[in-house]
Every structure is written in C-alpha cells, then in structure tokens.
Amino acid sequence: NVLNNNINKSNSEFYDAYLVLIVDSLKKNNFKKADEYLTQSLKFQNEDRINLVIFETLKQYIYTFKNNKILENKTNFGNLSLIAETFQRCYLGDEKTSSFFLNLVNSQEGDYSRYIFFYLNYLIDNKKYNEARLVVDQIDYINSTLLLSQSKSWVESNKFREFGKVFSCKNHAHVVSEFLFLISNLYSSQDNFEKSNFYLNLSNYLNPKFEFNLSLVAENYYLNREFIKVKKILKNFNKEDDAFYWFRIKKEAQILVEEKNYESGLKYINSKFSKIENPNSKIIFDLANFYKNSKNFETAIKYYTQIISKLDDDSLIKSDLLFRRGGSYERLGKFEESDKDFFHSLDINPNNAHVLNYLAYSWLEREYKIDEAMKLLQTAYELRSDDPYIIDSIGWAYYLIDNYSEAEKYIKRAVELMPDDPIVNDHYGDILWKLNRKIQARYFWNNVLTFDDTEKDMINKINIKIIDGL
C-alpha cells in the first residue's frame, strides 16, 4: 500500500519506502520478506555510492541472518566492510570476533573509536571483565566521545549489565540498527540533516533501547535551531547515565544562551554542576569552556587549573588545556601568565600551529616582538598553510611593518576562506585604505557591521573609520 499510494514519487523516495519495508520485516524476524524487498529496491536506486553501500551491506547481513554464515563473494568497501564483517562474526559467535574488533578500533584509516563500545560490549557479554577494564584504562574522559565516556563510567562503577541493556550483537535488529546509525552519521557529516534523521529513525525503530544515538538527532535539530524538538529528545537522558545526562545539561544551557543570554545559561549549568558528586575531568573541562565562551575568563582559568594540576607534564591534553588557559589570561590582559602557558604548551607539543598562531597574534596586537612573531607565524604557516586564521595573522604582521601590498595578498585569501568573519573583513578594510582603495575599504568595513557576531567595541571603531578613515 505504501508503494501503490506513492506512484508519482521519485526513485529516491521509492527507495526510502522500500528501506522502511526492509527494516520492518527485519523487526518482525521475517528475513525472507526483507530479502525480497531488498531485491525489489534495486530498480529504484539512484547512481549513488551510499545507496550501493546500503544495498550490498544489507544483502550481506540478511544472508548471514538467514543462513548463519558469512557471504563469501561480496563487494569490498574497505573499512565499512570490516565493520560489517566484525558484527556478523559477533552475531555468529565466531572465535575471530575479538581480533576483528581490534583490527577495527586500531585502524589508522579513520576514527573508529565508537566501536570500542561494541568491543567492550562483546568482552562483557563473554564475562571478560578484566580485559574490559584494561580497555577503559586507555580511555581519557576529555578526549573521548559521549558513548565512550559513558562506557568508561559504567566499567569503573562495575555496572556491566548496562551494556547488555542497550545492545547485543546476538540480536540481528541491534546489529542492523548500528549500521543504519553509521549511514545517518555519514549524512549528518554532509549537513544533510533530513536524510540523517530518516536513517536515525529507522535505527531507533530497530533498537529503541539504544537511546544514546538520539544525541545525534538532538545535535541535528539544534543546528537547525529547532529547540523545542531538542528539549523533547533530551528528556531521554537521565541521571543514571552520567555522561549523557551531562550532555543534556550542556545542551539545555546552550539553548538558554540562544533563547535568552549567557547569564541564563551559566546560571543553569552551574546549578546542575554543583549537585554532581565527584565530577570527572570531562565535566570540569566542559564547564571551563562554557565560562570561557561567555567571557568569564577568571572562572574558566580556575576550572582549567583544576584539571592541569592533575595531568602528566608530557600529556597532549595538558598542552591543549594550557593553550585554553593561556588564551583566557591573554583576554584578561595578563600577558606574562598567558605567554608562560603558551610556551609551556609548545614545550609539550612544539608543532601545534594554533598555539604558535595565537601567541604570535597576541604579540602583534600589542606590537610586541614583531620580528619574532613573524617567525612564529611562518612556522605555523608551514604546518597549516590552508588555515584562514594563520593566513590572516601573517597578513596582519605585514600590515604592521607597513608592507601593505604583501599584507593584501594574505588577507584577501583569508577573506575568501572566511567571508563572514568580522576581524578578517576589518583587517582587509584597513589594508585597502592604506593602499588608497578607499571605496573598497569602506565596503569591507560596512560588511563588518552586518555580521551577528561583531562585538560592540568593534562596531564603534568601525563607525568612526567609515567616517574618518585611518
């Protein structure tokens, strides 16, 4: 009936309708019907590589579910095929499952850290608790995903049963649900939120217990500013799952910032934070960032310092935190402290182009050590020649030494890469004025006044420049 009622729809919509029928058949354990619908869907596929991946992968899964073995002659899609075969082996209870998971999570061809959760799930299902503990010991709260943070929390709290409550690779519906989530994530990375949510809904239909995947739906709606829908989804995350509950608190605070102001968001997130016993480093890190983004730099520094004091001196995470704290000191005008943090950060990670750029630009802004700043910028540029912030900084350095023609080459490129950035447009206007291209200069200064994120102090300076020039 679904297909008969939609005879005028495009091939893409027919294909989506067949996917719904396939998923529904899998939900009802009707592998034969799912296979029939999959074959019928072939004639409605567009020449789309993602559709081909979906078709071939579902074909492999359904074959495994029907025959209790892995399809031998199949199309290879690299690590996507490795993911599929890993779950198929897990479903079958194959003795090579562990090695397949290890090959997947240790792959150098992309970030497959999500699958550490499923490896942990596999280990715990097989009562290999000590191995699971060894795995989570390698997980750091600050740099890990929501799912891994929650996994680490469960293992450290001996809440092993929580893993089986949300996923089992012995359940065919759960396995296909994870594959559909992967497709949803792929569309989300392309900013195709409509397609992403379609596959997320299919994924959730097959495994409604895996509510954590709803965090992606919440992010999609948040990016589209559909805050009512975000709030509804966030209610799925409760205090028992501390990592996802903190995600809920952060997102609700962010919505308050958008709907009201930073003061409202800060009041809310701080009230919730104060009730958390023994917050982990990720929670403190997020709170510090929230304060920094709201320009409450003193409080941000306090929380960054709490984490920094507990880290090894050669830790890359410490390098990043020193950079963030240094930036907070710099915004307060505490340049001695900021420079000390930046240099300490570079001692740990000398090739961090962003730290090199920030330090150099800080010097340029206060016209301090211009020649040394230029050297730092050249190093940063060699590391990240396509970074618009670094390109802008080099252009501004040339401006400060009165080399306007060279400055124009860099800032023009920065404007092309970041056309809506107020600082870059302001810089370009200044350079054009010095090159006696005054009409164009005023055009770019006027641009700055149209941007939502232009600060009040800059607006006042721009208004003066439009009238009086430099």
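Just so you know, these numbers come straight off a predicted model, no measurement behind them. What's counted below: heavy atoms across the whole structure, side chains too, no hydrogens, waters or symmetry copies.
Remark: E219 engages K251 in a salt bridge, criterion side-chain N to carboxylate O under 4.0 Å. Under 4.0 Å is where a charged nitrogen must lie from a carboxylate oxygen, and between K152 and D140 no such pair does. In summary, D320 and R324 engage in a salt bridge, as defined by a charged side-chain N under 4.0 Å from a carboxylate O. Salt bridge K461/D426: absent, no basic N to carboxylate O contact under 4.0 Å. Salt-bridge annotation for K165 and E162: present, with a side-chain N of the basic residue lying under 4.0 Å from a carboxylate O of the acidic one.
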query = Yes or no on salt bridge (Lys or Arg N to Asp or Glu O under 4.0 Å) for D371 and K375, after CA distance, side-chain angles and deciding distance?
reply = CA-CA 7 Å; D371 291 339; K375 290 177 183 177; over 6 Å; no
key: Test log, rule salt bridge (Lys or Arg N to Asp or Glu O under 4.0 Å), inputs K229 and E226   = CA-CA 6 Å; K229 291 181 179 179; E226 298 180 72; 2.9 Å; yes
request  = Just do the ring-ring contact (aromatic ring centres under 6.0 Å, His included) check on Y222 and F227 with the steps written out, would you?
outcome  = CA-CA 6 Å; Y222 180 80; F227 299 141; 5.6 Å; yes
Test side chain to side chain donor-acceptor pair (under 3.5 Å) applied to N79 and Y112, step by step = CA-CA 9 Å; N79 271 358; Y112 295 94; 3.3 Å; yes
request  = Could you go through the side chain to side chain donor-acceptor pair (under 3.5 Å) check for Y304 and N289 one step at a time?
outcome  = CA-CA 9 Å; Y304 285 135; N289 289 337; 2.5 Å; yes
ask   = Would E330 and R366 satisfy salt bridge (Lys or Arg N to Asp or Glu O under 4.0 Å), going step by step from the backbone distance to the final call?
value = CA-CA 11 Å; E330 189 271 338; R366 58 189 199 260; 5.5 Å; no
ask   = Under the side chain to side chain contact (heavy atoms under 4.5 Å, CB included) criterion, do S113 and L148 qualify, and how do the steps go?
value = CA-CA 8 Å; S113 59; L148 291 188; 4.0 Å; yes
query = Can L200 and F181 be said to form a side chain to side chain contact (heavy atoms under 4.5 Å, CB included), step by step?
reply = CA-CA 6 Å; L200 266 173; F181 176 79; 3.5 Å; yes
request  = Please report the C-alpha distance between K267 and E263 in whole Å, then the side-chain angles of each, then the deciding distance to 0.1 Å, and finally whether the salt bridge (Lys or Arg N to Asp or Glu O under 4.0 Å) criterion is met.
outcome  = CA-CA 6 Å; K267 184 178 180 181; E263 184 179 353; over 6 Å; no
key: Worked check of ring-ring contact (aromatic ring centres under 6.0 Å, His included) between Y404 and Y399   = CA-CA 5 Å; Y404 305 126; Y399 174 87; 5.5 Å; yes
Working for side chain to side chain contact (heavy atoms under 4.5 Å, CB included), residues N236 and F244 = CA-CA 9 Å; N236 288 283; F244 280 88; over 6 Å; no
key: Stepwise side chain to side chain contact (heavy atoms under 4.5 Å, CB included) test for I466 and L449   = CA-CA 11 Å; I466 289 171; L449 301 179; 3.7 Å; yes
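Take Q306 and apply the side-chain hydrogen bond (donor to acceptor under 3.5 Å, both in side chains) test, not counting sequence neighbours, and it matches no residue. K318 meets the side-chain hydrogen bond (donor to acceptor under 3.5 Å, both in side chains) test with D313; sequence neighbours excluded.
At a threshold of 4.5 Å between non-hydrogen side-chain atoms, the residues Y303 and F273 count as touching. N425 has its side chain within reach of F451: a pair of non-hydrogen atoms, C-beta onward, lies under 4.5 Å apart. Annotation: side chain of I348 is in contact with side chain of L322 (closest heavy-atom distance under 4.5 Å). Put simply, the side chain of I391 reaches to within 4.5 Å of the side chain of Y410, judged on heavy atoms.
Screening Y245, F117, W154 for a ring pair (Phe, Tyr, Trp, His ring centres under 6.0 Å) involving F212 leaves a single residue, W154. Exactly one residue among F335, W363, Y361 makes a ring pair (Phe, Tyr, Trp, His ring centres under 6.0 Å) with Y368. That residue is W363.
Using a 30° and 60° split on the angle between ring planes, F167 and F87 fall in the perpendicular class, above 60°. Using bins of under 30°, 30° to 60° and over 60° for the plane-to-plane angle, the ring pair Y115/F118 lands in the tilted bin. Between F444 and Y428, the ring planes are perpendicular. Angles over 60° get that label, and only those under 30° would be called parallel.
Judged by distance alone, with hydrogens and angles left aside, the side-chain atoms of N296 form no donor-acceptor pair with the main-chain N or O of T299 at under 3.5 Å. At distances below 3.5 Å, not a single donor-acceptor pair connects side-chain atoms of S184 with backbone N or O atoms of L180. Side-chain N or O atoms of S271 include one that pairs as donor or acceptor with a backbone N or O of Y268 at under 3.5 Å. Between the side chain of S294 and the main chain of Y291, a donor-acceptor pair closer than 3.5 Å is present.
Sparse packing is recorded around CD of E336, with 12 or fewer heavy atoms of other residues, nucleotides or ligands lying under 6.0 Å away.
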Pair up each side-chain donor or acceptor in residues 132-139 with any protein partner under 3.5 Å, not counting sequence neighbours, and list the distances.
residue	atom	partner	partner atom	Å
R133	NH1	N130	OD1	3.0
R133	NH2	N158	OD1	3.0

